[in-house]
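Heads up: numbering here begins at 1 and tracks the sequence.
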Amino acid sequence: MATRSTIAVRHADNTVSQIYCHWDGYLEHNGKILQSHYNSLELAEALVAGGDMSTLDGDLSKCEYYTQRGDELRIRKFSSIGDYSRNRQDEEYNYLWDLGQWKVIGYATDEQWIPLTKALEVA
């Protein structure tokens with residue numbers, strides 16, 4: 001059974017881009033990979049630029065993007081952080097690169113945004 005997640009980035013202009021990831025969205029997998037391997041705005045933007053994916057990997061070239069199987073590129077775009085908050089796709093775990101850090105919201109966080117580093121301490 002899949003543990004679905006979303007991965008989003010708040011860009012320097014305050015717009016937000018969000019993608020979907022089908023497998024292993026839980027903190028101990030996707031959370032750790034994001035924190036360890038995509039810990040800058042540039043890396044987070046590069047990750048999201050590939051669009052929706054099946055699986056996340058610490059090596060960007062090994063992420064399994066839907067476009068690799070012939071699907072169209074899909075990235076949800078939001079005009080502001082407020083627009084994102086109101087209209088984002090919501091899955092079991094939702095990760096957001098925001099102002100220099102990863103944040104997470106979902107079942108393991110009592111539905112409140114918290115720094116990913118804090119969530120990983122108790123995971």
Self-check item: From CA spacing to verdict: side chain to side chain contact (heavy atoms under 4.5 Å, CB included), Val9, Leu41
Solution: CA-CA 8 Å; Val9 175; Leu41 176 60; 3.6 Å; yes
Quiz item: What's the verdict on side chain to side chain contact (heavy atoms under 4.5 Å, CB included) for Arg4 and Cys21, showing C-alpha distance, side-chain angles and the deciding distance?
Solution: CA-CA 6 Å; Arg4 299 173 308 272; Cys21 183; over 6 Å; no
Practice problem: Start with the C-alpha distance between Tyr93 and Thr3, add both sets of side-chain angles, then the distance that settles side chain to side chain contact (heavy atoms under 4.5 Å, CB included), and finish with yes or no. | Solution: CA-CA 8 Å; Tyr93 293 89; Thr3 304; 3.8 Å; yes
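Side-chain contact, Asn30 with Ser5: a donor N or O sits under 3.5 Å from an acceptor N or O. At a cut-off of 3.5 Å, with distance as the only test, a side-chain donor of Thr6 or Gln18 sits close to an acceptor on the other residue. With hydrogens and angles left out, the side-chain atoms of His22 and Thr55 include no donor and acceptor closer than 3.5 Å.
Gln35 places no side-chain N or O within donor-acceptor distance of the main-chain N or O of Lys32, the cut-off being under 3.5 Å. A donor-acceptor pair under 3.5 Å is formed between the side chain of Arg86 and the backbone N or O of Gly82. Listed for the Asn87 side chain is a donor-acceptor partner under 3.5 Å among the backbone atoms of Asp83.
The shortest distance between side-chain heavy atoms of Arg74 and Glu72 does not fall below 4.5 Å. By the 4.5 Å heavy-atom criterion applied to side chains, Thr15 and Lys77 are not counted as neighbours. Considering only heavy atoms from C-beta on, Tyr84 comes within 4.5 Å of Leu96 through its side chain. Looking at heavy atoms from C-beta onward, Ile7 lies in side-chain contact with Val48 at the 4.5 angstrom threshold. At least one side-chain heavy atom of Leu27 sits less than 4.5 Å from a side-chain heavy atom of Leu116. In this structure, Glu45 and Ser40 have side chains that are not in contact, with every pair of non-hydrogen atoms separated by 4.5 Å or more. Using a 4.5 Å cut-off on side-chain heavy atoms (C-beta onward), Val104 and Ile114 make contact.
Taking each heavy atom of Gln68 and Cys63 in turn, the nearest pair found is OE1-O, 3.3 Å. Pairing each heavy atom of His37 with each of Leu43, the nearest pair is O-CD1, 3.6 Å. Nearest heavy-atom pair, Gly51 versus Ile75, reported as atom, atom and distance to 0.1 Å: CA-CG1, 3.8 Å. Closest approach of Ser54 and Arg69 over heavy atoms only: OG-NH1, 4.1 Å. For the pair Ala46 and Leu60, the tightest heavy-atom approach, listed with the atom from each and the gap, is CB-CD2, 4.0 Å. Looking at every heavy atom in both residues, Tyr38 comes nearest to Asp57 through OH-O, 2.6 Å.
Ring orientation note: the planes of Tyr26 and His29 are tilted relative to one another, at an angle of 30° to 60°. Using a 30° and 60° split on the angle between ring planes, Trp102 and Trp97 fall in the perpendicular class, above 60°. Aromatic ring pairs are classed by plane angle as parallel below 30°, tilted from 30° to 60° and perpendicular above 60°; the pair Tyr66 and Tyr20 is tilted.
Here Tyr65 contributes atom OH and Leu73 contributes atom CG; the two are 10.0 Å apart, rounded to the nearest 0.5 Å. Rounded to the nearest 0.5 angstrom, Leu47 CG and Leu56 CG are separated by 6.0 Å. Annotation: the span from Phe78 atom CZ to His11 atom NE2 amounts to 10.5 Å, rounded to 0.5 Å.
A salt bridge links Arg76 with Asp52: the distance from a Lys NZ or Arg NE/NH1/NH2 to an Asp or Glu carboxylate oxygen falls below 4.0 Å.
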